Structures are given as structure tokens and as C-alpha cells.
S.K.: 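Sharing a structure, written as C-alpha cells. Questions coming.
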Amino acid sequence: MPKTNADLAAAFEQTADLLELQEANPFRVRAYRNAARLVGELKLDLVAQVEAGRPLPKLPGIGADLAGKIEEFAHSGHLALLDRLRRQIPSGVAEMLQLPGLGPKRVRALYEELHVTSLAQLARAARDGRIRALPGFGARTEASILDAIDAHSHRPQRLKLVAASQYAAALLDWLRKAPGVSEVAPAGSLRRARETVGDLDLLACAPDGAAVCRHLLAYPEVAEVRASGGKRATVLLQSGLQVDLRVVPTASFGAALLYFTGSKAHNIRLRTLAIERGLKLNEYGLFAGRRTVAAATEEEVYRALDLPWIAPELREDRGEIEAALKNRLPALIERADLAGDLHVHTDWSDGTASIAAMARAAKAHGLSYLAISDHSRRLTVANGLDPQRLARQCAEVEKANGKLDGIELLTGIEVDVLEDGSLDLPDKALAPLDVVIAAVHSKFGLSRAAQTRRILAALDHPKVRILAHPVGRLIDKREPYDVDLLAVIRKCKARDVALELNAHPERLDLTDLGCRMAKDEGAKVVINSDAHAEHEYDNLEFGIGQARRGWLEKGDLINTQPLRRVRAWLAGKESR
DNA sequence: GCCGTTTTCGGCCCGACTGTTTTCAGTCG
């Protein structure tokens, strides 16, 4: 298998773990972790770059040494340093780092003193009471290690954003009733609208932090208390979800929200900027010595660092600090910018509502146009449309249009792309439609070359205007298919086909980085709900969050435009 | 291991909580 950026990122991450176990310079460890993050998020395929004999670009945090290691990995598929570390430290030792409460120091002690090299041996040592005998360990630590091993074997996956939002809403309602609370707010990856959330980070403002923490412990769903003090508390809910609460004085709300929203990498950049200005930034404020420079709002803190406010969805240290310093932040799309939806289903295929009901619901969600795009015949399980039923449906859509007020319907289809790149319906059936969306629903396992060829061929069809869910993943359920996304995006750009950002919370496809890549290449994106029921237009909100994470602006999207312009765009290709 | 409108050497974000200790190391976010 050819190596990818993801493989290289994993190798750097493992190197960092093993170096840490050897108590290497912590800044050296951090350099490897930073490199892993950078490489994993990079559009440019580094291995291909090296193999093609092209020089590596200058990348922040990659110096001569790490650049050499990238080349070594590209040529050989290995890192000599990592191979050596693996010979020195058994693989099970690094796995112990995954357990909460065990860091490099303790794992090293367990390995060196007790010769523990696997989770199974660790459990045995704990049950035998050998761990409490080590200096710095005790009976309580021993018990918590056993608990951690138990929890590790059936730990919950990261929650999808939609589920995390629901848990958070209920908890925030609960916290609002805590004594003296003036503000509550979601923070962390939830606020940054990441597609999945590992644990819930919540912020509250109150004069008595301990009282608010105690109030959290009384939440009916709390199954276990991990920590609780005067300023923060950590609990596990019955679902296994971890909730971290921070309580600060109201005067520190902005600084605390900034700190607790993250990302960690973004925070480190901000704190470094503060240091360069002779200031100190923490969750209580921005300080010059003992004097508070800014604290109450995020805007104040950013301003004091000579930055405009940066939207939470951008705070990943993916260039937003540099853009902010140059005043070149994108004007991110907002929900109110969406004028229409070009991909929904009805009870003609696998949707649950009629054409008219889906239209009325779209209008109720503030949309002014809607493309009806049911499945094509190959998807028999979804009752896909053949040419005859499609023609009848088009007549129905036209009829419904006459009766509707305040929303206009377009005819369309989500047509399957077959293995050879041809479409599931004949050109004659597609010709009268307003919108043709090409979608891959089968043969996910094709080789990268074959899958890419297939999709590029579909994009060459003159009627195709949108590529549905371009990477085909289902979050935590199905990996994206192996495809050269950059080639697909460039083809879309060349053919003036829009890439869909499918807003269904299980898909969110394009990904944030995919959106960014599309924007960089000048390709257009369309945010579609893919609603199969009336309430699913609510999902558009998650599509907006993902689009914002991908730096998309109103002008990058098709369905922010009024219908007149969308129609012109839809028609444009046919005249070429 | 990286980096430089103070620096090519000497820095590298910062604070809360726990458990094992009697003043703090380790871990976490």
C-alpha cells in the first residue's frame, strides 16, 4: 500500500509517544506532535511530492530534521528513529498511555519497576496489589487504573455533533439554575462545530464556583465524579460522555470562553502572541503584570493582541492567526445566507413526506427554492425512480409549483454513478430536469485509480451539476472511499460542477478540509440537507458549521444565490 | 526539534485537581 500523509502523521505521533516515555525533551516531543497534526491536515500529498522528485515546501514547524524524516518516510516507508524506539519499548507500553490518569512518568515506572508491557499485565499487577507498593502510587491510584482498563475496553466513541448538541442543551439548562450563575456557554469542540465531540466543555460564570460544581454533581444523569473543586468539575454521564465544567467570575467570561473553546493549538498561538507583547494570557484575562488589559469579552482580548475577533470554527491553527494579523479573515457564511436547498427526498423514493409537505417545510425553514431529487432506479431498496416514474414525478412537481406560494420547486434527481462512470438513467430521461446530482452509492472498495476515474467520468456528463457527498463516508461507520479528492475538485472546477456539502449529521461530506481545498481551487460548493423528512431541514445548521470550518463565504456557495442566478448557473453548462 | 522587528542560543502556554505527600509531582485540558 502506498503511504499517505495520514500514515506519516501516525508515525510522528507514535514517535512522540515513545520519546515521551523515554523522558525526552518535552519540546522535542511537541515538535513531533505538531508535525503530526500539520501533516495530517495537509492538502499536499507529501509522499507523492517526494516521489516525484519535487522539493518540499517550507512548512511551519518543519525544520531540516523533520523535513529529512518526511523524505526518509516517503522513500522507505519507515522512520529509522521510530523503528529503533519500537525495539526499545514494547508496543503494549505505549498503549497504557491511552488510559486516563496514566502519563509518561507513571507508565515508565510501571514498565521499569514492574516490567508491565500490556494492559492485561497491568490489570494483573493492580489486582495483585503490586502497584501500590511503587513510590508515588497508592491504593487509590491502583483502583483507578483497574477502572480505567475496564472503561477502556468499552469506551464510547466520539459523539456526533448533533448528539453532543442535545446533551449540551439539557446540561446548560440545568446549570442556569445553579446558585448565582450569570452566564453559561458551550465551549470546546462543540462550539467550534467539529463533526464529532469527544467530551463536553461547558463554561459558567458565578461568584461561588464550588456551588456551581456541586450543582453539576447533582445532575440526574451523572454516573461518576472524576474531579470537583472550587473552579472546575469533571463528571461522566450514564452514557459514558465526559463533561468538563469551568466556573469563572463574570468579569473573566471572555478570556475563559476563549481559553475553553480552544483549540489547544490556537490557544498556544494566542499566548505566544501575548508573550511577544510582554503580556500574559490565561483563562482569567490578558495581563500586563498585575494589571488586567482585557478579560470580559473575546473581542477585547483579541483586540488587545492586535487581532480582529476570530470565529470559533476557525480556531484550529490552520492559518487563521496569520489571516487575522493581515485582516484577511473570511466573512464566513451564516445560516440566514441560505436561500434554497438542491437535494431532498420525498415519498416517491425513500423519503417520508410528500412533495408538497417537503416544500412547505422548506419554506418554513426560510428557503425560497427547493430541488426535488429522489433516488434513481438502481437503488431498489430506496424505491429509486425509473424513467417513467421520474417523468410522472416531474409532472407532479410542476403541478405542486402552481399551488405553492413563497417557494419554488425545481425538478431533479440524485442519480447513481455506475461502476464505469456512466449514469443510472438514460440521457433522454435526464434532459428535461433542472438539477442532476451524481452520487456514488455502490462499489466503495474500488482502487483509488479506478474510483477516481469513475467519478471524473461522471463529472464529464453534460447534465451533471452537483456531485453528492463527494467522499462517501459515514462518520464513525464507514470510511471515505479511496479517491483523489484534489483531482475531483479540479474536475468540478473545470466543468463548473458544484461539490455538495451534505449536511446530514452522519455525513457532513465534504469535510471541513475538503471545503477548504475546494475554496483554494476556486470550485463551488452547495450545502444541501439531503432531507428525507420535514424536520431534517434543521440539519442545514450542521452543514453551515462545517462550511464555516472550511472557511467558506457566501460567494463560495451556489445556494446562497437567488433562484434567478441559480437557474442561470444550472442552464449554463448545457449551452457549452 | 523549531525558531528569530530583542535572540543562531535559549527560550518554548498556563492553571486546576488528585493523590501521595507534609510541599509537590503528575496529569489533564
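Chain identifiers are assigned alphabetically (A, B, ...) following the order of the sequence lines, protein sequences preceding nucleic acid strands; residue numbering begins at 1 within each chain. All values reported here derive from a predicted model rather than from experimental measurement.
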S.K.: Please report the distance, rounded to the nearest Å, between NZ in K105(A) and C1' in dC28(B).
M.R.: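 Distance, rounded to whole Å: 14 Å.
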S.K.: Could you work out which one of dC28(B), dC14(B), dT20(B) sits closest to the side chain of R140(A)?
M.R.: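 That would be dT20(B).
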S.K.: Below the 4.0 Å mark, does dG29(B) have OP1 or OP2 next to a side-chain nitrogen or oxygen of Q242(A)?
M.R.: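 Indeed, a polar side-chain atom of Q242(A) lies that close.
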S.K.: For the side chain of D199(A), counting heavy atoms from C-beta on, which of dC28(B), dG29(B), dC13(B) is nearest?
M.R.: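 Shortest atom-to-atom distance from the side chain points to dG29(B).
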S.K.: Quick one, which residues of residues 317-326 of chain A touch DNA chain B with a heavy atom under 4.0 Å?
M.R.: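 Residues of residues 317-326 of chain A that come under 4.0 Å of DNA chain B do not exist, since none gets that close.
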S.K.: Donor-acceptor pair, distance only, cut-off 3.5 Å: does the side chain of R549(A) make one with the backbone of R192(A)?
M.R.: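 Yes: the side chain of R549(A) pairs with the backbone of R192(A).
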S.K.: Around atom NZ of K477(A), are there more than 12 heavy atoms of other residues, nucleotides or ligands at under 6.0 Å?
M.R.: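 No, NZ of K477(A) has 12 or fewer neighbouring heavy atoms, counting only those of other groups under 6.0 Å.
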S.K.: Heavy atom of residues 272-289 of chain A under 4.0 Å from DNA chain B: which residues?
M.R.: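 By residue number: T272(A), I275(A), K280(A), L281(A), N282(A), E283(A), Y284(A).
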S.K.: Could you tell me whether R140(A) atom CZ has more than 12 heavy atoms of other residues or ligands within 6.0 Å of it?
M.R.: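 Atom CZ in R140(A) is not crowded, with 12 or fewer foreign heavy atoms closer than 6.0 Å.
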S.K.: Tell me which nucleotide, if any, is Watson-Crick or G-U wobble paired with dT8(B) when both distances must be under 3.5 Å.
M.R.: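 Its partner: none found.
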S.K.: Check the side chains of T117(A) and Q121(A) for a donor-acceptor pair under 3.5 angstrom, ignoring hydrogens and angles.
M.R.: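 Indeed, the side chains of Q121(A) and T117(A) share at least one donor-acceptor pair under 3.5 Å.
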S.K.: Would you tabulate the pairs of protein nitrogen or oxygen atoms and nucleotide nitrogen or oxygen atoms of nucleotides 3-5 of chain B closer than 3.5 angstrom?
M.R.:
unit_1, atom_1, unit_2, atom_2, d
dC3(B), OP1, G61(A), N, 2.8

S.K.: With sugar-phosphate meaning primed atoms plus P, OP1 and OP2, does R246(A) contact a base, only sugar-phosphate, or nothing at under 4.0 Å between heavy atoms?
M.R.: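 It contacts sugar-phosphate atoms only.
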S.K.: dC12(B), dT27(B), dG1(B): which one has an atom nearest the side-chain heavy atoms of R30(A)?
M.R.: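 That would be dC12(B).
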S.K.: Is there a side-chain contact between D45(A) and V47(A) (heavy atoms, below 4.5 Å)?
M.R.: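 Yes, at least one pair of side-chain atoms sits under 4.5 Å.
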S.K.: With heavy atoms under 4.0 Å as the rule, sort G262(A) into base, sugar-phosphate or nothing.
M.R.: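 Nothing, no nucleic acid heavy atom in range.
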S.K.: Taking R108(A) for the side chain and L21(A) for the main chain, is one N or O donor matched with an acceptor at less than 3.5 Å?
M.R.: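 Present.
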S.K.: Does Y32(A) put a side-chain nitrogen or oxygen below 4.0 Å from OP1 or OP2 of dG1(B)?
M.R.: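 Indeed, a polar side-chain atom of Y32(A) lies that close.
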S.K.: Could you tell me whether the side chains of H266(A) and E316(A) share a donor-acceptor contact shorter than 3.5 Å?
M.R.: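 The answer is no; no qualifying pair exists.
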S.K.: Does the side chain of T141(A) get closer than 4.0 angstrom to OP1 or OP2 of dT20(B) through an N or O atom?
M.R.: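 For T141(A), the contact criterion (side-chain N or O under 4.0 Å from OP1 or OP2 of dT20(B)) is met.
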S.K.: Identify which nucleotide among dG29(B), dC28(B), dG1(B) has an atom closest to any side-chain atom of K69(A), counting heavy atoms from C-beta outward.
M.R.: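 From the listed options, dG1(B) comes nearest.
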S.K.: Please measure how far the C1' atom in dC12(B) lies from the corresponding atom in dT7(B), and state the result in whole Å.
M.R.: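 Taking atom C1' in both dC12(B) and dT7(B), they lie 13 Å apart.
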S.K.: By the 4.0 Å heavy-atom rule, please label E142(A) as base, sugar-phosphate, or nothing.
M.R.: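 E142(A): no heavy atom of the nucleic acid under 4.0 Å.
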S.K.: Heavy atoms from C-beta onward define the side chain here; which of dC2(B), dC17(B), dG29(B) lies closest to that of A227(A)?
M.R.: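 Nearest to the side-chain atoms of A227(A), counting from C-beta on, is dC17(B).
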S.K.: Is a donor from one side chain sitting under 3.5 angstrom from an acceptor on the other, for Q546(A) and E313(A)?
M.R.: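 No pair is found: no donor N or O on one side chain lies under 3.5 Å from an acceptor on the other.
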S.K.: If we only count heavy atoms from C-beta on, is the L44(A) to N5(A) side-chain gap below 4.5 Å?
M.R.: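 Not touching, per the 4.5 Å side-chain cut-off.
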S.K.: Do D7(A) and T4(A) have side-chain N/O donor and acceptor atoms under 3.5 Å apart?
M.R.: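 Yes, side-chain donor-acceptor contact under 3.5 Å.
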S.K.: Identify, between L66(A) and G136(A), the residue whose nearest nucleotide on DNA chain B lies closer to the 5' end.
M.R.: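 So the residue in question is L66(A).
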S.K.: In whole Å, measure the gap between the P atoms of dC14(B) and dC9(B) for me.
M.R.: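 25 Å, rounded to whole Å.
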S.K.: Would you kindly compare N267(A) and P100(A) by the position of their nearest DNA chain B nucleotide and give the one closer to the 5′ end?
M.R.: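 Its nucleotide being nearer the 5' end, the pick is N267(A).
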S.K.: Distance between the C1' atoms of dT21(B) and dG26(B), in whole angstroms?
M.R.: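 Pairwise C1' distance, dT21(B) against dG26(B), rounds to 13 Å.
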S.K.: Please determine, for the side chain of K231(A), which listed nucleotide (dA16(B), dG1(B), dG29(B)) has the closest atom?
M.R.: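 Closest nucleotide to the K231(A) side chain: dA16(B).
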S.K.: R271(A) side chain N/O closer than 4.0 Å to the phosphate oxygens (OP1, OP2) of dC13(B)?
M.R.: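 The answer is no; no side-chain N or O of R271(A) sits under 4.0 Å from OP1 or OP2.
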